[in-house]
Amino acid sequence: MPAVVSSVVPKPLRRWWKRRFGGQPQVRTAMGRIDACSPAFLTGWCVDARGAPSAIDVFVNGTHLLRATPNHRRDDLAALGLPAECGFVVLYPEPLTLNDVLEVRAADGQPLDGSPNTHHRERLSRLLDGIDPATMSGLELGPLDRPTLSKARGPLAYIDHALTEELRAKYTGSPAAMVDLDRIQTVDYAWPSGSLRARIPDGKLFDYAVAVHVMEHVADPIGWLGHLAEVIRPGGVISLALPERSLCFDHRRELTRPADLIDAWIAKLDRPSPRHVFDHVAFVSPLHLGNDLPALPDRERLEQALAAARLTAGGQYVDAHCNVFTVASFRQCWAVIDALRLLPLELVKVHDPYPGGDEFIVNLRRI
């Protein structure tokens with residue numbers, strides 16, 4: 001799918017800018033902002049006293065971790081009179097933990113707005129509800145180059161749809177800010193589709209599994225969760241982080257209904273369907289544009305969506321958000337799954353989106 005690029009200033013950034021400067025600032029010192037701090041990566045922007053893109057220094061618990069240079073184009077910042085080239089996406093050498101405190105400074109030592117920062121704890125504290133990664137054996141699904149948990153801090157294995165070298169080949173040519181080939185993790189078990197039990201030898205069971213922004217890409221979530229449950233011991237935990245429709249680029253799309261999940265399960269879909277792909281390509285839009293858009297995408301976008309759907313129908317895999325949820329709609333879907341006893345799982349908790357986040361988190365227990 002082609003990237004959706006806009007020079008419109010997102011509302012949160014616009015509000016912050018107005019509070020900080022009122023109008024156009026006179027830049028006299030380096031300045032910048034942390035936009036997002038997750039367990040795996042950091043995003044934001046920074047300029048020096050001349051208004052030019054600036055390198056940043058990242059510290060964890062007071063210790064210098066790395067220096068990074070701008071690597072991410074931000075057209076929205078150009079509308080504020082800043083260089084579009086001052087954005088950054090920084091991947092940490094190891095994921096942050098619940099105890100870590102992050103600091104980010106411009107090259108001249110000036111702290112960025114939002115530093116020090118512990119926002120990554122919002123996700124981790126909910127995701128790890130009932131999980132101790134240091135002592136429990138676990139799985140993380142789809143870590144790619146941005147794992148949420150570290151193998152160095154407990155018995156953990158990584159699962160992805162392909163092995164490491166295949167992933168590197170697939171993403172060769174992608175911008176480093178999107179996928180850093182050197183940071184793609186070593187995959188322990190490749191699971192393209194079908195039975196996960198068959199992929200993990202010796203009947204091994206795990207205490208927990210974590211999947212961050214994975215299940216929305218899965219064509220058949222019921223079947224997928226069933227396969228995952230087969231390798232989790234009774235009493236074990238499955239934690240999911242899912243994008244909340246109103247807080248992400250799915251905000252103009254239709255919600256996934258229980259009937260959609262049942263249809264995909266009966267059909268045993270193992271890849272996005274033409275319907276999934278068409279809806280995704282046609283109707284995703286940057287959240288900060290709000291509803292200031294036509295009711296229907298323009299003809300060019302619709303033709304792109306149709307072409308992508310035809311590729312899918314011809315057997316080519318096209319990635320998409322197959323499932324779109326809010327907290328309420330997920331609860332409704334789960335109520336149907338539970339009433340029909342389709343899975344050996346019980347819903348323990350659904351955590352509402354946390355401040356500044358774009359996701360809700362679900363904790364399931366293996367029965």
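These numbers were taken from a predicted model, which means no experiment stands behind them.
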P243 to C248 - nearest heavy-atom pair and separation: CB-SG, 3.9 Å

Interatomic distance, T164 atom OG1 to L181 atom CG [nearest 0.5 angstrom]: 12.0 Å

Test item: E85 side-chain N/O and P53 main-chain N/O as donor-acceptor pair under 3.5 Å: no

Short side-chain to backbone donor-acceptor contact, E244 and S246, under 3.5 Å: yes

Common cluster, I337/L347, ILVMFWY with side-chain heavy-atom separation under 4.5 Å: yes

Donor-acceptor contact present, side-chain D188 to main-chain Y158, <3.5 Å: yes

Passing candidate, side-chain contact (heavy atoms from CB on, under 4.5 Å) with S115, options Q110, R33, E103: E103

Nearest heavy-atom neighbours spanning I232 and L205: N-CD2, 4.2 Å

Hydrophobic cluster membership, L167 vs L163, 4.5 Å side-chain cutoff: yes

Test item: N323 side-chain N/O and M215 main-chain N/O as donor-acceptor pair under 3.5 Å: yes

Atom CD of E254: over 12 foreign heavy atoms under 6.0 Å: no

Donor + acceptor pair across side chains of E94, S150 (<3.5 Å): yes

Steps toward salt bridge (Lys or Arg N to Asp or Glu O under 4.0 Å) verdict (D270, K268): CA-CA 6 Å; D270 63 359; K268 297 187 183 329; over 6 Å; no

Common cluster, Y208/I238, ILVMFWY with side-chain heavy-atom separation under 4.5 Å: no

R310 CZ: over 12 foreign heavy atoms closer than 6.0 Å: no

Distance-only polar pair, side chains of H72 and T43, donor-acceptor under 3.5 Å: no

Under 3.5 Å donor-acceptor, R301 side chain and A282 backbone: yes

Distance-minimising heavy-atom pair for H276 and L269: CE1-CD1, 4.0 Å

Pairs involving residues 330-367, ordered by first then second residue, that meet ring-ring contact (aromatic ring centres under 6.0 Å, His included) (sequence neighbours left out): H119-Y354, F325-F330, F330-F360

Under 3.5 Å side-chain donor-acceptor pair for H120 and D100: no

Any donor-acceptor pair under 3.5 Å from E140 side chain to G138 backbone: no

Joint cluster assignment, L343 & L228, ILVMFWY side-chain distance < 4.5 Å: yes

Nearest-0.5 Å distance that lies between atom CD in E300 and atom CG in D298: 6.0 Å

Shortest non-hydrogen contact from S239 toward N363: OG-ND2, 3.0 Å

Geometric cation-pi criterion, R146 with F41: 6.0 Å, 45°: yes

Parallel, tilted or perpendicular: ring planes of W191 versus W224, cut at 30 and 60 degrees: parallel

Lys/Arg N to Asp/Glu carboxylate O, R168 vs D182, below 4.0 Å: no

Where D145 and V179 come nearest, the two heavy atoms and their spacing: OD2-CA, 3.4 Å

Closest heavy-atom pair and its distance - L77, C86: CD1-SG, 3.5 Å

Heavy-atom donor-acceptor pair, R74 side chain to W45 backbone, under 3.5 Å: no

D129 and R126 ion-paired at < 4.0 Å: no

Pair D207, S137: side-chain N/O donor-acceptor within cut-off below 3.5 Å: yes

Hydrophobic cluster membership, Y317 vs V277, 4.5 Å side-chain cutoff: no

